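Accompanying notes for the structure given below.
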Amino acid sequence: MEYNFTEIEARWRKRWADGKVYEVSQDDSRPKFYVLSMFPYPSGAGLHVGHPLGYIAADIYARYKRNRGFNVLHPMGYDAYGLPAEQYAIQTGQHPAVTTEQNIRRYREQLDQIGFSFDWSREVRTCEPGYYKWTQWAFQRMFDSFYCNKCGKAQPISKLADSFSQQGTAGLDVAQTEELNFSAEEWNAMTEKQQQEVLMNYRLAYLGETMVNWCAGLGTVLANDEVVDGLSVRGGFPVEQRKMKQWCLRISAYSQRLLDGLDTIDWSESIKETQRNWIGRSEGAEMQFKIKGTDEAFTIFTTRADTIFGVTFMVLAPESELVGRLTTPAQSEAVEAYLEEVKHRTELDRMAGKKVTGVFTGSYAVNPFTGEEIPVWVSDYVLAGYGTGAIMAVPAHDSRDYAFARKFGLPIVPLIEGADVSEESFDAKEGIVTNSPAAGKESLAGFSLNGLSVKEAIEATKRFVEEQGLGRVKVNYRLRDAIFSRQRYWGEPFPVYYKDGMPYMIPEACLPLQLPEVDKFLPTETGEPPLGNAKVWAWDTRSNTVVDRSLIDNVAVFPLELSTMPGFAGSSAYYLRYMDARCDSALVSPEADAYWRDVDLYVGGSEHATGHLIYSRYWNKFLHDIGVSCVEEPFKKLVNQGMIQGRSNFVYRIKGTNTFVSEGLKEQYDVTPIHVDINLVQNDVLDLEAFRRWRPEYADAEFVLEDGKYVCGWAVEKMSKSMFNVANPDQVIARYGADTLRLYEMFLGPITQSKPWDQNGIDGCARFLRRAWNLFFDKQGALAVTDEAPSRDALKSIHKLTKKVSGDMEEMAYNTSIAAFMICVGELAQQKCHSREVLERLVVLLSPFAPFMCCELWQLLGHATLVLDAPWPTWDEAYLKEDTVTMAVSFSGKTRYTIDVPADAPAEEAERLALGHEAAARYMEGKQLVKVIVVPKRIVNIVLK
RNA sequence: GCCCGGAUGGUGAAAUGGUAGACACGAAGGACUUAAAAUCCUUUGGCCAGAAAUGGCCGUGCGGGUUCGAUUCCCGCUCCGGGCACCA
């Protein structure tokens, strides 16, 4: 029978769908296994061959686990909110919901083609009210929570309010925006509005006046991970720093837990490292410096407490409130001018120019260790948002301080033996401390670091600082709170209304608060976000309904929030929703959560390392704290599939002509390389006629050939329409079938590695599948499977394969498994093996890779059940054993002859046989035997002297 | 600047201390065929010797080391990719 993949695949696609064979339900009799691929944003361009790479890898694993007897949850959905649909809406007036729906339909068609084992009954879409109800719900829970450092988790904000009314801020140890101090009496005397303002300082979802990344080009603020090199990731528009009132998530409260959790999960080292960098923990000390001649003092943060004797100036961030307090009247004009100048420098200038700028405040700080007076400067190289916004500068041992000292002629005092600071600073944390204090100088309580190593000195100083009450040991994190507002239309609306300028949550029972219709997707003329265009967008607290904006009276009808949530909101807990996607009463029911728990295998791109993968870890930890998720970490094992790059082809046109030169001859002419559609090229040889038909301007193109062919050049580039190098899965499937596509994508190389899509290799995989198919049929095309006992060779082949594939599965080393399949099928073909026992095993082993073909074969073999539920074969080492093994005998490392040794013989037997060989004496003549090393089943190494 | 990866034929790649280059693509030659497609077979890291069977030498980015034996482990470089970056 011919292997007609088109017919077979169409038939099984229908049967799988009609039979709902991939739907799963909770089943306490079987262990669960949760395989998840990152859900896609459905873009208008559809899938190219790179997108399904990770999905295929995950699908193979899911199918394998199912054959292994696990109850496998393998869902799929769509991250449907996003900027492209909205940009398209602005340009064309098409509602984003309409284009999103169209794109999803197209994605679904393409995904179905490839034969995934998704349980579509659990599909989620982030833009559907039934889904985003729970995104809004989680936001409200965060609003109602604060983070208690003592108990290490989120707590209801009401507890905090109670505590304030009892004891004010005394003994408070919580995550907060700024440190406040008030008594119970003061708290109780506050108005409701004042209390609300205070609580905002502690909520996990809070409205904060912060410096944000404002992108005028997109008309919205962006999170740090959405900005690269001062430009927006989407669109590449310049981004500037602006102070704005925004919703923020206090993710920084979870810094240490996010860091600690990394040690408990099975992720690649590189992505864990990226997250560690992003969180940026640094241990150091906070120290108090008094200002000479006043009662003022301020605090700095340093990781190099040991360099206290080398401090020659202090620096404040321009945005720091200290600047106003410390500037002397004489310097105020200069400082004002400087602050004005800094304000007009954009983030991009600040980074690109790296110009050293600054101004003296006129004040002097006092070094608490030496009593020395140190000038206090202002400079924009100190950031307001990190530490205390103020530093002690040690130019000898910090390159930034060094540059500043050189520019403004400030002294440089080296503190490490042998450090040469005449050209540059010595930043390394190594060497022996000297000059601390300098000979003949006094220091507080006779404190001295001289003779200690830098690491010892840091510890000693920190201890001293705490003992003397000069400051405290402190850990700082670089991780900033996530800015959670976007001035966009196509996102989750905030379930928030404003009364007297303060935000209030709409009642939980009224969720979801649905996204209103607007007539324009652009910001309003007054600069409000697009939701300002919505007519029906006010909250009536009497009826608890959304009403017309014209009814706002600020008595019972209040304005609703105009921002929407960012892209990561909807993707932060979708894995939980899949567990119980149709549940109305909870994000996930406790029963479903208790059964499915966490994602056992998560497959997706590493580009989400500092975005989605941090946010959803935070989100899950919060949900864990409030008892919704039973685990601390949502993704046990993470595999980052590599990117599939495009492989572009070029033709070389002689400048000013319509003549094209073959790649090998291009050096002889002055040529321009031009991208050519990869569909016109086979094995880098151009189809001349197709090229002439491609574009009118090439209709009468001339060619300079080599060996009668036109050879194209090639390069590995991003897969993109403009480079004509996009390979589309539908085309591959039409020509070779989905099973071949699946197999080939996995055969291309290790799953984690980036690699170019090379159309050339695909024939090998197609050939392999045809050969495998042909094992089951005779020349006449009739099924040729017998019940005869298989030969020992055939058993050996199939058991060897079983062992190899079973081992590779856990590592997802699919490319080497496929090689093993090819060898095994070759062997079975040569042996003319038609044994049912052997071939059935082969079908099961191959079914995760080529599910369509294997379903068909399994049925042809007469099974009533599907191959999806067949048990995974086991292997028997007995079949893999050799009777004898051929071992190489080498003398001093050079192989001289071989011997046959019984497979189960001990090492001594191999040694005896090796030395007993007739040639042995010849090689050993005149030499002394040092030792004999027997490598089991491989080699006998005889060492001579 | 700091931190992670990586480097093996013409190409994608195997081998994680034991016969380097499995498997596949490409290429060359051959069989079948009127022809093409398809299929099948042989060769295919480099150099040297030989009519041939075959034999020898070199070879996993570079330089050292450990070991009977290193693509694999250790030390030092070079180049490529990625992350973080006035984070004190």
Side-chain angles (χ1 to χ4, degrees), chain A residues 228-229 268-282 284-285 300-305 307 314-315 317 350-351 353-356 379-394 397-401 403-404 424 427-428 476-480 606-607 609-610 647 683-685 714 743-744 747-750 752-765 767-768 770-771 774 804 813 815-824 826 829 886-888 890-895 898 930-945:
Chain A
V228 172
D229 293 336
S268 76
E269 207 39 55
S270 72
I271 210 142
K272 286 197 206 176
E273 209 44 49
T274 300
Q275 292 209 343
R276 285 191 192 109
N277 278 340
W278 189 258
I279 296 167
R281 179 191 158 101
S282 63
I300 58 93
F301 174 75
T302 180
T303 55
R304 291 295 303 273
T307 58
M314 312 290 288
V315 189
R350 242 170 115 158
M351 286 191 301
K354 296 217 164 165
K355 265 191 278 174
V356 180
S379 174
D380 67 353
Y381 84 87
V382 174
L383 305 175
Y386 184 78
T388 61
I391 63 156
M392 62 180 214
V394 186
H397 302 293
D398 182 288
S399 53
R400 296 153 303 184
D401 298 343
F404 195 83
E424 56 181 5
D427 291 16
N476 265 328
Y477 301 90
R478 196 171 56 221
L479 186 67
R480 303 295 158 79
S606 56
E607 67 273 20
T610 55
R647 188 177 184 279
N683 294 333
D684 291 336
V685 176
W714 61 272
L743 211 60
Y744 183 57
F747 185 66
L748 225 43
T752 54
Q753 206 169 296
S754 287
K755 55 233 158 184
W757 177 260
D758 184 350
Q759 196 87 10
N760 298 336
I762 201 161
D763 292 293
C765 288
R767 241 171 259 163
F768 157 73
R770 215 166 329 148
R771 279 181 207 148
N774 287 337
K804 170 80 176 143
N815 55 331
T816 57
S817 278
I818 293 168
F821 274 114
M822 288 172 174
I823 295 167
C824 180
T886 303
M887 293 177 70
S890 75
F891 286 83
S892 296
K894 283 204 174 31
T895 301
T898 61
V930 177
K931 59 179 153 176
V932 179
I933 294 138
V934 179
V935 180
K937 294 181 188 175
R938 286 237 172 239
I939 196 164
V940 181
N941 204 327
I942 295 159
V943 186
L944 301 175
K945 196 163 73 180

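In what follows, every chain begins at residue 1, and chains take the letters A, B, ... in the order their sequences are listed. In this text the structure is predicted, and so the values were computed from the model without any measurement.
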Under 6.0 Å between the ring centres of Trp278(A) and Tyr477(A)?
->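 Ring-ring flag for Trp278(A)/Tyr477(A): false, centres at least 6.0 Å apart.
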
Side-chain ([X]) to main-chain ([Y]) donor-acceptor, under 3.5 angstrom:
X: Asn774(A); Y: Arg770(A); result: yes
X: Asn476(A); Y: Ser282(A); result: no
X: Lys755(A); Y: Pro750(A); result: yes

Return the value, rounded to whole Å, for the distance between atom [atom1] of [X] and atom [atom2] of [N].
X: Tyr386(A); N: A85(B); atom1: OH; atom2: P; answer: 12 Å
X: Arg281(A); N: A88(B); atom1: CZ; atom2: P; answer: 13 Å
X: Ile933(A); N: U19(B); atom1: CD1; atom2: C1'; answer: 16 Å
X: Ile939(A); N: U19(B); atom1: CD1; atom2: C1'; answer: 6 Å
X: Ile818(A); N: A14(B); atom1: CD1; atom2: C1'; answer: 14 Å
X: Glu273(A); N: G5(B); atom1: CD; atom2: P; answer: 8 Å
X: Tyr744(A); N: A24(B); atom1: OH; atom2: P; answer: 14 Å
X: Arg480(A); N: C84(B); atom1: CZ; atom2: C1'; answer: 13 Å

Please name all residues satisfying side chain to side chain donor-acceptor pair (under 3.5 Å) with Ser399(A), sequence neighbours left out, ordered by chain then number.
->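 Expected list: Asp427(A).
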
Partners meeting side chain to side chain donor-acceptor pair (under 3.5 Å) with Arg480(A) (sequence neighbours left out) | none

Check ring-ring contact (aromatic ring centres under 6.0 Å, His included) between Phe747(A) and all other residues, then give those that pass, not counting sequence neighbours.
->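 If we apply the ring-ring contact (aromatic ring centres under 6.0 Å, His included) test to Phe747(A), skipping adjacent residues, there are no hits.
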
Could you list the residues that satisfy ring-ring contact (aromatic ring centres under 6.0 Å, His included) with Phe821(A), not counting sequence neighbours?
->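 Phe849(A).
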
Across the strands shown, which category fits Ser282(A) at heavy-atom distances under 4.0 angstrom: base, sugar-phosphate, nothing?
->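 Sugar-phosphate, backbone atoms only, no base.
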
Just call it for Arg276(A): base, sugar-phosphate, or nothing, with non-hydrogen atoms closer than 4.0 Å on any strand.
->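 Nothing: the residue Arg276(A), judged by heavy atoms under 4.0 Å, touches no strand.
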
Does atom CD of Glu424(A) have more than 12 heavy-atom neighbours from other groups under 6.0 Å away?
->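 No.
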
Using a 90° cut-off around 0 for syn, call G9(B) syn or anti.
->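 You should classify G9(B) as syn.
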
Which whole number of Å gives the distance between the [atom1] atom of [N] and that of [M]?
N: U16(B); M: C77(B); atom1: P; result: 29 Å
N: U19(B); M: G26(B); atom1: C1'; result: 27 Å
N: G18(B); M: A28(B); atom1: C1'; result: 34 Å
N: A24(B); M: U44(B); atom1: C1'; result: 14 Å
N: G45(B); M: G21(B); atom1: P; result: 10 Å
N: C80(B); M: U66(B); atom1: C1'; result: 29 Å
N: G56(B); M: A20(B); atom1: P; result: 13 Å
N: C86(B); M: C4(B); atom1: C1'; result: 22 Å

Could you say whether Gly280(A) or Arg771(A) is positioned toward the 5' end of RNA chain B, judged by the nucleotide with the nearest heavy atom to each?
-> Arg771(A)

Please tell me which of Arg770(A) and Ala820(A) maps to the more 5' nucleotide of RNA chain B, matching each residue to the nucleotide holding its nearest heavy atom.
-> Ala820(A)

Would you tabulate the pairs of protein nitrogen or oxygen atoms and nucleotide nitrogen or oxygen atoms of nucleotides 8-12 of chain B closer than 3.5 angstrom?
from, atom 1, to, atom 2, distance (Å)
G12(B), O2', Leu748(A), O, 2.3

Minimum-distance nucleotide to [X] side chain [options: [options]]:
X: Asn941(A); options: U39(B), C84(B), C68(B); answer: C68(B)
X: Ile823(A); options: A24(B), A22(B), A13(B); answer: A22(B)
X: Leu383(A); options: C23(B), A15(B), A88(B); answer: A88(B)
X: Ala819(A); options: C23(B), A88(B), C68(B); answer: C23(B)
X: Met822(A); options: A24(B), A14(B), C25(B); answer: A24(B)

Quick one: is C84(B) close enough that its OP1 or OP2 comes under 4.0 Å of any side-chain N or O from Thr274(A)?
-> no

Asn815(A) side-chain N/O to A14(B) phosphate OP1/OP2 under 4.0 Å = yes

Relative to the ring of Tyr381(A), is the ring of Phe404(A) parallel (under 30°), tilted (30 to 60°) or perpendicular (over 60°)?
-> tilted

Please report the closest heavy-atom contact between Thr388(A) and Ile300(A), naming both atoms and the distance.
->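 Shortest heavy-atom contact: OG1-CA, 3.3 Å.
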
Would you sort out whether Met392(A) and Val315(A) count as a side chain to side chain contact (heavy atoms under 4.5 Å, CB included), showing the intermediate values?
-> CA-CA 6 Å; Met392(A) 62 180 214; Val315(A) 189; over 6 Å; no

Parsed dot-bracket for RNA chain B after applying the Watson-Crick and G-U rules with both distances under 3.5 Å and | for other-strand partners is (((((((..(((.....[....)))((((((.......))))))(((((....)))))..(((((..]....))))))))))))....

